[in-house]
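Down below is the structure, laid out as C-alpha cells.
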Amino acid sequence: MKLFTLKERLGLKNFEIARILENIAFYLEMFGETKFRIRAFQNAAKIIESLPEDIADVYRRGEVSTIPGIGAAIAEIIGELVETGTAKIYQEFREKYPVNIEELSAVEGLGPKRIKLLYEKLKIKNLEELEKAAREHRIRRVKTLGVKTEKNLLKAVEFAKKSKDRLLLAYADEIAGDLVEKLGSLSFVERITVAGSYRRRKETVGDLDILVVSKRPEAVMDYFTSLENVGIVLGKGPAKSSVLLKDGLQVDVRVFDEEIYGSALLYFTGSKEHNVKLRIVAMEKGLKLSEYGVFRDDKRIAGRTEEECYRALGLSYIEPELREDMGEVEAARKNSLPQLVEYSDIKGDFHVHSNWSDGMNTILDLAEAAREKNYQYLCISDHVGALKVAGAMDEESLRKQMEEIDKLNGRLDDFRILKGAEVNITAEGNLDLSVGLIKELDVVLAGIHSGFRASKEAITKRVIKAMESGLMHILVHPTGRIINRRAPCEIDLGAIMDTAKELGIALEINAFPDRLDLRDVQIKSAVDKGVSLVLGTDSHSCNHLNYMRFGVDQARRGWCTKRGLINTLSLSELEKRFDI
DNA sequence: GCCGTTTTCGGCCCGACTGTTTTCAGTCG
C-alpha cells in the first residue's frame, strides 16, 4: 500500500542541468562543431551552475531565455530537461556515441577528439575498457597516439579510478539539503540529521547516511523509497532502507528511538578510526560503547545525545569535523581541544574575480553581495598578466580597475573593496606583473598556473623565489590540485610553510568546492607551525561567495581557530596588518 | 548558439605544452 502521492517532485538540480549542457558541448566538440557554438553551451552551463535560484522556477515563469547568455535554442533544451529530465539532442548523441563522457573526460589527457577516436577505433566506452586497451598495448597502435601517450593515459586512469566514486561535498550538500527538507517536513519525523563523512564535512562523500527519529518508521521508509529521484531501492525495512539515487549516489536512512539518537549519531558519523579510539577509551573505563549507547554492564548510562556519550567516557565534546583520529580524543581527555573558527567569524573574502577578468559580475555587484553577508571587506583579485585564457587584464586595465575601486569605495560606508590581483608565478619564479604596479595593490595574491608536472625541487624553488621577492601577501591554491581531476603538484609544503612563516606570507585555503586547497591535514600542519592562513572562495560570480562555508568546514577539519585565519580580522585590524 | 549605442550579420579569448604525424593536432588552463 502506498501511503503518499508525491506532489513535490525532486527534479534536476541546477548543477545536474549544467552537467548535461556541458556534456552536450562535449559531444559538439567531438563532432567538430564551431568553437563558438560549443562555447555557448559551456557558457550556459556556467551560468546555470551559478544561478542563485532554481532554473526550474525560472522556467516556470517563462524567463529562461531572458537570462543573458541563454537564447531561444538553449532555453528550449533547458525546458526539455526540466520537464522530462533529458533532451532530444542529448539522447541522439548518446545513442550515436554511447560513451561515458564524464568518466573518460575525467582522465587527464583525454579530450573529445581522442574519446571519439578511441571509440571509433577500439570501441572504448568507459574507464575499464580504456585501462584494458592500454594494458594490452592496443592504444599505441592507433594512428596519432603512441607509446608515451599510452603510458600517460594508464597513469591517469589510475588516478581517475581512485576518485570516481566520491561526490564533491558541495554537490552532496544540495542533494542532502533537499532530502532533509522533504523528510524533515513529514509530521511524524521528529529529528533528522545527515551523519557520516558528510557531517564531518569531508571534501568528498561516498554516500549519505541519514538518521531519523520517528514513531512511524514504516511510513518514513515508504516516503523515502518512493521519492522521485530514487533510481533503485537496494533494501527496505523499518530500521534501515537503502537506495541508489538516479545519479548513482547511495543514500541510507535509519530510524532510531530518541533515547539512543546520540549514540547512533556518534556511531554513524564516524570516522571508523575515531570510533575505534572511543571504544578503547570505553573499555579502559569498564564501559561498552555501541550505536545503542554507553553501557556499564547491561545498563545504558548514556545515549540520548552525543554530549552525554562523550561525558560518560570522560571526554569533552568533539566537533564532527575533528573526528578523524588525529589526536582529538587525547585532546578531549585533557580538555585542550581547539576553539574552532565559525562561519560567523568571517569578515571578508580575499579571492574574488569580477567581470574585469573571467568573473561574471561587476565589482559593485560583488561588493553588495559581500555586504549582505555582513562582510566588512572584499578583495577583488582578477587575473593579470599572461594568463590570457582566464581573461587576464593588462596593466592598463588593472590601473583603470584600481581607479574604479577608489570611486566605489568613496560611495560605500563601513565597507572597503581591496585592490588585489591574482598574479601568476612564472616558470622562473618571477611575478608576472611590473613591480611598480604590484606595489600599488593592497593585496597581492600569487600562485602557479602551469608547469604542475615539474619536479618537486623545481616547483618548490620556483615558489620560494617568488615568496622571497617580498612582493606577495598570499600564496593561492598552494598545491594546484583539482579534486577528482588533477593530482596536487609535487611541492615541499614544509619548506613553503617555513618560508611563509618567516616572511609573514599567508597560505590560502581555496574554498572553491573542487579545489579545497590546502587540504585538511595540510591546514593542520600549517596551524601547528603557526603559519597564517586565509580563506578565498575563488569566486567567479556573486553566488560563488557562498562557497566560503566549505572553506570554513575545511579550516575546521584542519583544527583552525579564529586566531589563525586572516578573514576573521575586522576591517581596521586588517588595515593595520596590511598597512593599507 | 548568442548578441547588438558598430544591431539581424559577423564577430565571439588564446598561448603553452606535449607527443608525434616532422609541421601540427589535441589538451589544458
Side-chain angles (χ1 to χ4, degrees), chain A residues 21-22 24-48 64-79 87 89-90 101 104-121 134 139-156 159-160 353 355-360 382-394 397 422-428 432 447-454 458 476-477 480-482 485-487 489 510 512 514-515 517 538 540:
Chain A
L21 291 174
E22 268 168 29
I24 293 173
F26 202 89
Y27 275 121
L28 291 172
E29 215 170 339
M30 281 169 68
F31 292 104
E33 259 297 342
T34 67
K35 57 181 176 175
F36 302 109
R37 191 171 174 221
I38 294 160
R39 196 178 298 157
F41 277 89
Q42 288 169 339
N43 189 36
K46 207 171 120 186
I47 291 163
I48 303 295
V64 175
S65 62
T66 67
I67 300 171
I70 297 176
I74 293 183
E76 199 180 318
I77 293 171
I78 290 171
I89 181 176
Y90 190 46
I101 283 183
L104 289 176
S105 66
V107 176
E108 229 185 335
L110 272 195
K113 299 291 162 62
R114 282 182 177 169
I115 289 175
K116 181 163 181 270
L117 182 71
L118 289 171
Y119 179 69
E120 284 170 350
K121 299 288 182 202
I139 288 175
R140 64 179 66 176
R141 293 204 295 271
V142 176
K143 210 172 173 185
T144 75
L145 304 177
V147 176
K148 198 109 183 219
T149 305
E150 187 180 75
K151 279 185 179 161
N152 282 342
L153 283 177
L154 197 54
K155 234 165 88 185
F159 182 74
H353 297 272
N355 61 359
W356 286 69
S357 69
D358 59 347
M360 310 209 358
D382 278 309
H383 299 283
V384 293
L387 210 65
K388 288 283 176 258
V389 272
M393 301 186 293
D394 58 24
S397 31
E422 182 175 1
V423 186
N424 189 37
I425 297 175
T426 67
E428 293 76 37
D432 188 17
I448 57 174
H449 295 87
S450 60
F452 294 107
R453 279 200 270 177
V476 294
H477 42 71
R481 71 140 173 192
I482 296 177
R485 283 198 80 87
R486 184 170 71 201
C489 69
N510 189 297
F512 206 83
D514 67 0
R515 283 197 183 262
D517 177 12
D538 213 339
H540 287 70

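Keep in mind it's a predicted model, so treat the numbers as computed, not measured. Proteins get letters first, then strands, A, B, ... in listed order; numbering begins at 1 in each.
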Worksheet item: Given atom CD1 of Ile67(A) and atom P of dG1(B), what is their separation to the nearest angstrom?
Response: 18 Å
Worksheet item: Considering only dC28(B), dC12(B), dT20(B), which nucleotide approaches the side chain of Arg39(A) most closely?
Response: dC12(B)
Worksheet item: To the nearest angstrom, how far is Arg141(A) atom CZ from dT20(B) atom C1'?
Response: 18 Å
Worksheet item: Which residues pass the salt bridge (Lys or Arg N to Asp or Glu O under 4.0 Å) test with Arg37(A), sequence neighbours left out?
Response: Glu33(A)
Item to complete: Nearest whole angstrom, please: distance from the P of dC3(B) to the CZ of Phe36(A).
Response: 15 Å
Fill in: Whole angstrom value for the distance that separates P of dC14(B) from NE2 of His383(A)
17 Å
Worksheet entry | Of Thr34(A) and Gly109(A), the one whose closest DNA chain B nucleotide lies more 5' | Thr34(A)
Item to complete: For Phe36(A), check ring pair (Phe, Tyr, Trp, His ring centres under 6.0 Å) against everything at least two apart and list the hits.
Response: none
Item to complete: If dT8(B) has a Watson-Crick or G-U wobble mate with both distances under 3.5 Å, name it; if not, just say none.
Response: none
Item to complete: Check the distance between dC28(B)'s C1' and Arg481(A)'s CZ and give it to me in whole angstrom.
Response: 19 Å
Worksheet entry | Parallel, tilted or perpendicular: rings of His353(A) and His383(A) (30°, 60°) | parallel
Item to complete: Would you check if the side chain of Asp432(A) reaches a backbone N or O of Thr426(A) as a donor-acceptor pair within less than 3.5 Å?
Response: no
Practice prompt. Considering only atom C1', compute the distance from dC28(B) to dC13(B) and round it to an integer number of Å.
Written response: 14 Å
Discussion item. Restricting to salt bridge (Lys or Arg N to Asp or Glu O under 4.0 Å), what partner residues turn up for Arg114(A), sequence neighbours left out?
Written reply: none
Discussion item. Can you identify which nucleotide, out of dC28(B), dG1(B), dT20(B), has its nearest atom closest to the Lys148(A) side chain?
Written reply: dT20(B)
Discussion item. Holding to salt bridge (Lys or Arg N to Asp or Glu O under 4.0 Å), I want the full list of residues that pass it with Glu120(A), two or more places apart in sequence or in another chain.
Written reply: Lys116(A)
Worksheet entry | Contact residues, residues 24-33 of chain A to DNA chain B [heavy atom, < 4.0 Å] | none
Discussion item. If I pick the P atom on dT21(B) and the same atom on dA16(B), what distance separates them, to the nearest angstrom?
Written reply: 24 Å
Discussion item. Taking any heavy-atom pair under 4.0 Å as a contact, classify Asn152(A): base, sugar-phosphate, or nothing.
Written reply: sugar-phosphate
Discussion item. Between dT8(B) and dC3(B), how far apart are the two C1' atoms, rounded to whole Å?
Written reply: 10 Å
Worksheet item: C1' atom, dC14(B) versus dT20(B): distance in rounded Å?
Response: 23 Å
Fill in: Inter-nucleotide C1' distance (dT23(B), dC17(B)), Å rounded
16 Å
Fill in: Test item: Arg481(A) side-chain N/O and Cys489(A) main-chain N/O as donor-acceptor pair under 3.5 Å
no
Worksheet item: Considering only the P atoms, how many Å lie between dT6(B) and dC12(B), rounded to the nearest integer?
Response: 15 Å
Discussion item. Base, sugar-phosphate or nothing for Val147(A)? Non-hydrogen atoms, less than 4.0 Å.
Written reply: sugar-phosphate
Discussion item. Can you identify which nucleotide, out of dC2(B), dT21(B), dT27(B), has its nearest atom closest to the Pro112(A) side chain?
Written reply: dT27(B)
Worksheet entry | Heavy-atom check, side chain of Ile115(A) versus side chain of Ile101(A), under 4.5 Å | no
Item to complete: Could you check how far NZ of Lys116(A) sits from C1' of dG26(B), rounded to whole Å?
Response: 14 Å
Worksheet item: Between Glu150(A) and Ser105(A), which has a closest nucleotide on DNA chain B that is more 5'?
Response: Glu150(A)
Item to complete: Would you kindly give the CD-to-P distance between Gln42(A) and dC28(B), to the nearest whole Å?
Response: 12 Å
Worksheet item: Whole Å only: how far is the CE atom of Met360(A) from the C1' atom of dC13(B)?
Response: 16 Å
Practice prompt. Check salt bridge (Lys or Arg N to Asp or Glu O under 4.0 Å) between Glu150(A) and all other residues, then give those that pass, not counting sequence neighbours.
Written response: Arg140(A)
Worksheet item: Which part of the nucleic acid does Ile38(A) contact within heavy-atom distance under 4.0 Å: base, sugar-phosphate only, or nothing?
Response: nothing
Practice prompt. Output the single nucleotide from dG1(B), dG26(B), dC28(B) whose closest atom is nearest the side chain of Glu108(A).
Written response: dC28(B)
Worksheet item: What does Thr149(A) touch in the nucleic acid at a heavy-atom separation under 4.0 angstrom: a base, only the sugar-phosphate, or nothing?
Response: sugar-phosphate
